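Source: prediction; values computed, not measured. Note on naming: letters A, B, ... go to the chains in the order of the sequence lines (proteins, then strands), and numbering restarts at 1 for each one.
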2 protein chains.
Amino acid sequence: MKERDELDRCDCNVIHEDVVNAVREKMPSEENLYDLAELFKVFGDTTRVKILWALDEAEMCVCDLAVLLNMTQSAISHQLRVLKQARLVKYRKEGKIVYYSLDDEHIKNIFDQGLIHINEKHWRGV
Amino acid sequence: MKERDELDRCDCNVIHEDVVNAVREKMPSEENLYDLAELFKVFGDTTRVKILWALDEAEMCVCDLAVLLNMTQSAISHQLRVLKQARLVKYRKEGKIVYYSLDDEHIKNIFDQGLIHINEKHWRGV
DNA sequence: TTAACACTTGAACAATTATTTATATTTATA
DNA sequence: TATAAATATAAATAATTGTTCAAGTGTTAA
């Protein structure tokens with residue numbers, strides 16, 4: 001029975017061993033990289049991107065978002081739950097209406113960086 | 001049979017109509033928001049985040065990445081394909097070895113913004 | 001108290017996706 | 001030319017996920 005290491009190791013690793021080890025030492029913790037991926041997973045959905053974009057413009061209630069995005073209140077509510085858990089939105093209750101707003105000033109920055117990438121790649125021709 | 005609009009519209013929309021309409025006008029195109037979500041979807045996987053982070057440190061071949069991340073060459077190759085399609089990495093061939101490297105200077109910026117969010121939320125207590 | 005409203009939640013379903021396994025391709029070497 | 005090395009790819013599987021549907025809160029108003 002072969003070991004994992006033995007299975008995947010190939011000759012070029014001997015040549016590149018120093019490089020690989022140097023990178024390994026500089027790598028952030030497993031936990032940090034996991035959290036980072038989890039955060040981007042939240043941004044990786046059209047509905048949530050739209051919600052965040054909308055909330056960056058104005059505070060809105062669930063029903064407003066449902067009409068704006070032409071979706072079910074339930075679907076919006078489910079996604080707001082995800083955004084809440086990721087600490088990206090906060091809310092305040094006013095009677096039976098729940099108003100949501102952004103809970104992070106970096107969202108616009110992250111979006112802008114993303115758009116820069118998209119636009120750059122676009123005029124380079126896809 | 002009720003219409004979609006009629007189904008989801010609720011009383012508060014009448015009050016918030018102006019706000020919702022204003023936001024609707026300012027919203028980026030459907031296509032832009034879709035592309036943005038697609039980009040973040042690529043960042044939303046631990047393996048890909050690790051690969052990008054590693055390639056930001058040094059150019060590496062598929063085999064190096066497999067050893068570094070303790071994963072199958074096949075798995076790495078599959079993810080590199082995704083990153084290639086998203087124009088986040090580029091490659092050069094040297095004999096039978098294929099060296100991959102970053103194809104975008106904004107990746108580090110996006111990661112940093114993400115980490116700022118994570119760390120901020122962390123000391124606020126989860 | 002009852003009914004309507006705004007919203008939340010849980011289960012079910014369809015769709016997507018990351019990894020594995022096995023096979024194919026390309027290049028270097030014996 | 002035959003073999004091995006480095007990588008790519010195709011199909012299969014398991015796991016995750018977004019939306020819908022139905023039922024459930026909690027708040028307001030009649």
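- Taking only distance into account, the side chain of Ser74(B) meets the base of dT9(D) through a donor-acceptor pair shorter than 3.5 Å.
- As rounded to whole Å, 13 Å separates atom P of dA5(D) from atom CD1 of Ile15(A).
- Contact annotation: Arg48(B) reaches the phosphate of dA18(C) (side-chain N/O to OP1 or OP2, under 4.0 Å).
- Of the inter-residue distances, the one linking Ile110(B) atom CD1 with Ile110(A) atom CD1 reads 8.5 Å to the nearest 0.5 angstrom.
- Nucleotide dT17(C) forms a Watson-Crick or G-U wobble pair with dA14(D), both donor-acceptor distances falling under 3.5 Å.
- Across the interface with DNA chain D, nearest-nucleotide mapping of Ser77(B) and Glu94(A) shows Ser77(B) to be the residue nearer the 5′ end.
- For the atom pair Ser101(B) OG and Arg92(B) CZ, the distance stands at 8.0 Å (nearest 0.5 Å).
- Across the protein-nucleic acid pair, Ile97(A) atom CD1 and dT25(D) atom C1' stand 17 Å apart, rounded to whole Å.
- For Lys50(B) and dA18(C), the NZ to P distance is 14 Å, given to the nearest whole Å.
- Among the nucleotides dA18(C), dA6(C), dT27(C), the one closest to any side-chain atom of Lys93(B) is dT27(C).
- The pair Lys108(A)-Asp56(A) meets the salt-bridge criterion, with a side-chain N (NZ, NE, NH1 or NH2) lying under 4.0 Å from an Asp/Glu carboxylate O.
- The Thr72(B) side chain lies nearest to dT20(C) when the options are dT9(D), dC7(C), dT20(C).
- Here the nucleotide nearest the side chain of Met71(B), chosen from dA18(C), dT9(C), dT19(C), is dT19(C).
- For Lys96(A), counting side-chain heavy atoms from C-beta on, the closest listed nucleotide (dT17(D), dT19(C), dT28(D)) is dT28(D).
- A distance of 6.0 Å or more separates the ring centres of Phe43(A) and His117(B).
- The listed nucleotides are dT20(D), dA18(C), dG18(D); the one nearest the side chain of Asp45(A) is dG18(D).
- Following rounding to the nearest Å, Tyr100(A) (OH) and dT8(C) (C1') show an atom-to-atom distance of 8 Å.
- Between Leu69(A) atom CG and dT19(D) atom P the separation is 10 Å, expressed in whole Å.
- Comparing atom distances between the Val98(B) side chain and each of dA18(C), dT7(D), dC7(C) picks out dT7(D) as nearest.
- Contact check, Tyr99(B) against dT7(D): no side-chain N or O comes under 4.0 Å of OP1 or OP2.
- Tyr91(A) comes within 4.0 angstrom of nothing in the nucleic acid, heavy atoms only.
- Between Gln79(B) and dT19(C) there is a side-chain N or O to OP1 or OP2 distance below 4.0 Å.
- Of the listed nucleotides (dT26(C), dA11(D), dA8(D)), dA8(D) has the atom at the smallest distance from the side chain of Val62(B).
- With a 3.5 Å ceiling on both atom-pair distances, the Watson-Crick or G-U wobble partner of dA12(C) is dT19(D).
- You'll find that the side chain of His78(A) is closest to dC21(D), out of dC21(D), dA8(D), dT7(D).
- Between Tyr91(A) and Tyr100(A), the two ring planes are tilted [angle within 30° to 60°].
- Heavy-atom distances to DNA chain D give each of Thr47(A) and Cys12(A) a nearest nucleotide, and the one nearer the 5′ end belongs to Cys12(A).
- Atom pair Ile51(B):CD1 and dT7(D):P shows a separation of 13 Å (rounding to whole Å applied).
- Using a 4.5 Å heavy-atom threshold, the side chains of Val89(B) and Leu52(B) count as touching.
- Here dT9(C) presents its C1' atom at 12 Å from CD of Gln85(A), a figure rounded to the nearest Å.
- As rounded to whole Å, 12 Å separates atom P of dA18(C) from atom CD of Glu38(A).
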